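Following: one structure in structure tokens, then a few remarks.
Remember, predicted model here, so these are calculated numbers, not experimental data. Lettering of chains follows the sequences in order, A, B, ..., and the numbering in each one begins at 1.
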Protein chains: 2
Amino acid sequence: MNTFKIAIDVMGSDNGPEMLIRGAVKALENHEDLSIVLFGDEEIIHRTLEASECDVSRIEVVHASDVITNYDNPMEAIFRKTDASLVKALRALGEREDLVGLINAGSTGALLAGALRYVPAKVLKRPALAALLPAEQGGFTCLVDTGANIDCNAYQLVDFAHMGSDFMKEFYNIKAPRIGLLSNGTEETKGNKLVKETHALLKQETDLNFIGNIEGNRALSGDCDVLVADGFAGNQILKSSEGIARRIITDIVKYAKKTNNPEIMKLVGHLMGIYDFSALGGGIVLGAGKPIIKARGSANADAITNTSAMLLNMVKNQDLFYGKDFR
Amino acid sequence: MNTFKIAIDVMGSDNGPEMLIRGAVKALENHEDLSIVLFGDEEIIHRTLEASECDVSRIEVVHASDVITNYDNPMEAIFRKTDASLVKALRALGEREDLVGLINAGSTGALLAGALRYVPAKVLKRPALAALLPAEQGGFTCLVDTGANIDCNAYQLVDFAHMGSDFMKEFYNIKAPRIGLLSNGTEETKGNKLVKETHALLKQETDLNFIGNIEGNRALSGDCDVLVADGFAGNQILKSSEGIARRIITDIVKYAKKTNNPEIMKLVGHLMGIYDFSALGGGIVLGAGKPIIKARGSANADAITNTSAMLLNMVKNQDLFYGKDFR
């Protein structure tokens with residue numbers, strides 16, 4: 001059987017490497033066409049694998065004696081901590097033909113800097129972080145950037161539009177992805193200075209299907225396939241949507257307990273299936289040569305299993321998406 | 001009985017003056033200590049009042065032959081369209097002692113420019129637009145600015161903090177309102193250039209209870225009493241929260257219809273009571289000499305009735321809040 005081999009950097013997350021390793025083991029159980037290379041402290045990895053009593057035939061372990069933490073300067077760490085698990089994993093992803101993708105749950109900044117350094121795309125661009133948000137009419141809206149690039153200029157936002165458009169085109173088979181620009185009003189005259197400048201530039205991009213400004217209340221509506229925002233504003237959309245969804249679901253759970261109505265607990269399950277953003281598995285690094293997913297620092301084992309499934313799904317389409325550029 | 005007289009500019013909204021007039025009539029029915037001055041086309045006003053067959057003893061009509069629309073340049077319109085209903089209403093609010101507050105559902109820009117021109121506070125500041133968001137632990141968080149000031153500098157954001165703090169202090173009787181700064185991370189080092197500059201300034205404001213950065217997913221948590229943001233970012237928080245809440249509630253309604261479970265429709269009522277932001281009645285103009293509320297352009301009659309109740313509630317507390325400065 002043709003298997004897909006992905007790299008998982010198990011270090012640097014909030015909950016310790018064991019959580020990521022357990023998530024990886026579960027992913028292997030779920031997908032027989034998956035194999036995984038774990039990067040990190042080999043003692044911890046072997047101990048955790050033994051305790052899980054899993055079949056290790058599809059697991060490879062690469063020892064790394066160092067870790068990049070959130071306290072490190074990302075750029076410095078990528079260049080200096082050459083024995084760190086993340087550097088070893090990224091370098092392997094760039095060099096090894098058999099490795100088709102990577103998951104990390106540590107420093108976002110280091111991941112992005114390292115992706116540019118070790119897994120560059122053919123056309124060099126500053127990587128961006130995208131999120132796939134569940135659109136109201138089904139399908140997904142690709143929000144880019146969600147926090148990798150906080151202070152942006154208009155040309156960067158145009159790059160985000162292209163990266164998002166390419167992604168939705170080739171990964172979701174959308175012929176001419178509709179590009180929306182996040183603003184405080186739909187009219188062309190609305191927006192801050194950055195948005196107005198970007199709007200003018202996007203209108204001139206003949207190879208983009210730019211449909212105009214989108215307001216925050218339509219961010220998840222499905223009105224566009226790619227929603228372009230600077231990393232600060234994009235982060236607000238992502239996090240406030242998450243926050244309010246989590247809060248409403250918590251309210252419903254309380255209501256269900258109070259009324260003791262099992263139907264309402266079923267409803268909670270239904271809503272969690274759509275609005276539990278943490279289950280979506282993490283952010284996608286756009287602008288790298290191979291698929292890379294940033295899981296949350298707080299990711300639990302299930303989140304890593306979900307992220308692995310998402311990455312596997314991506315790499316199965318990689319000839320469509322990444323193949324042309326990278327190989 | 002001591003009645004409170006408020007001004008309502010019935011012109012310039014999306015749904016026509018009749019909608020606002022009907023909302024005003026309903027508000028009078030609900031509150032016997034309320035009286036209302038309607039500013040606008042007197043023919044339309046009288047015709048609508050007659051059709052409603054209401055008691056007109058607590059209604060005064062001031063005719064205005066002109067209207068400020070969303071297509072007008074706000075600043076120009078305020079200075080040139082002196083016969084417009086909004087200008088007449090604002091001027092009356094500034095001059096007439098018996099008028100204690102104002103509601104408008106037309107051009108936000110013109111309302112803010114006109115408030116500064118005709119209803120200035122003792123300490124002149126560029127007005128901001130605030131929203132009271134339902135906090136998770138009960139009570140409200142005052143988000144300021146929600147879209148009145150799109151391109152801001154750090155000093156403006158510090159002003160927003162003061163205006164919001166004063167409002168929550170005197171209107172909600174909170175002794176030292178906790179001020180949060182919207183950012184993409186809680187750490188002091190997180191934020192765009194504007195947020196980092198503002199953070200440094202807010203730390204030096206000894207008369208503010210600044211508690212640090214707040215992430216978008218905690219915007220409605222109740223972690224702070226005042227959430228400071230530039231108008232672009234604040235607009236995203238407000239609108240994306242509204243958007244996702246509306247969408248989840250719509251989903252639940254569909255689910256209730258499918259499962260035919262009356263308990264779930266009851267749940268919808270419960271959630272609408274908390275998360276139907278349109279029922280909150282609109283934005284509050286901070287930095288004016290008397291209470292002014294901006295209702296939405298799309299406000300229906302019920303929204304105007306709610307907004308009137310909100311304004312009445314505010315003016316009953318006005319000796320606390322506006323009295324000292326203005327009179």
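The aromatic rings of B:F210 and B:H199 sit perpendicular to each other, their planes meeting at more than 60°, with 30° as the lower class boundary.
Interface check for chain B: of the options A:N184, A:I244, A:I150, the most heavy-atom pairs under 4.5 Å are formed by A:N184. Interface summary for chain B: among A:H270, A:K266, A:Q236, A:R246, the most heavy-atom pairs under 4.5 angstrom belong to A:Q236. Contacts with chain A were tallied for B:D151, B:L271, B:N235; B:D151 has the most, counting heavy-atom pairs under 4.5 Å. In terms of non-hydrogen atom pairs under 4.5 Å with chain A, the most contact-rich of B:K190, B:R247, B:E215, B:K193 is B:R247. For the set B:I248, B:I237, B:L220, B:D230, the count of heavy-atom pairs under 4.5 angstrom toward chain A peaks at B:I248. The choice from B:G243, B:C152, B:G216, B:G185 that makes the most heavy-atom pairs within less than 4.5 Å of chain A is B:G216.
In this view, A:N149 and A:R126, A:D145 satisfy the side chain to side chain donor-acceptor pair (under 3.5 Å) rule, not counting sequence neighbours. Scored by the side-chain contact (heavy atoms from CB on, under 4.5 Å) test, B:Y172 finds B:L132, B:F140, B:F167, B:M168, B:I174 as partners (sequence neighbours excluded).
The pair B:K239-B:E242 fails the salt-bridge criterion, with no side-chain N (NZ, NE, NH1 or NH2) lying under 4.0 Å from an Asp/Glu carboxylate O.
Contact annotation for A:L182: both backbone and side-chain heavy atoms come within less than 4.5 Å of a heavy atom of chain B. Heavy atoms closer than 4.5 Å to chain B are found nowhere in A:A219, neither backbone nor side chain. Heavy atoms closer than 4.5 Å to chain B are found in both the backbone and the side chain of A:N192. Of the atoms belonging to A:S183, heavy atoms from both backbone and side chain fall under 4.5 Å from chain B.
Heavy-atom contacts from other residues, nucleotides or ligands closer than 6.0 Å to NZ of B:K196 number more than 12.
Residues B:S241 and A:S240 bring no donor and acceptor atom of their side chains to less than 3.5 Å of each other. Side-chain atoms of B:S13 and B:N15 form no donor-acceptor pair, as typed in the model, at a separation below 3.5 Å.
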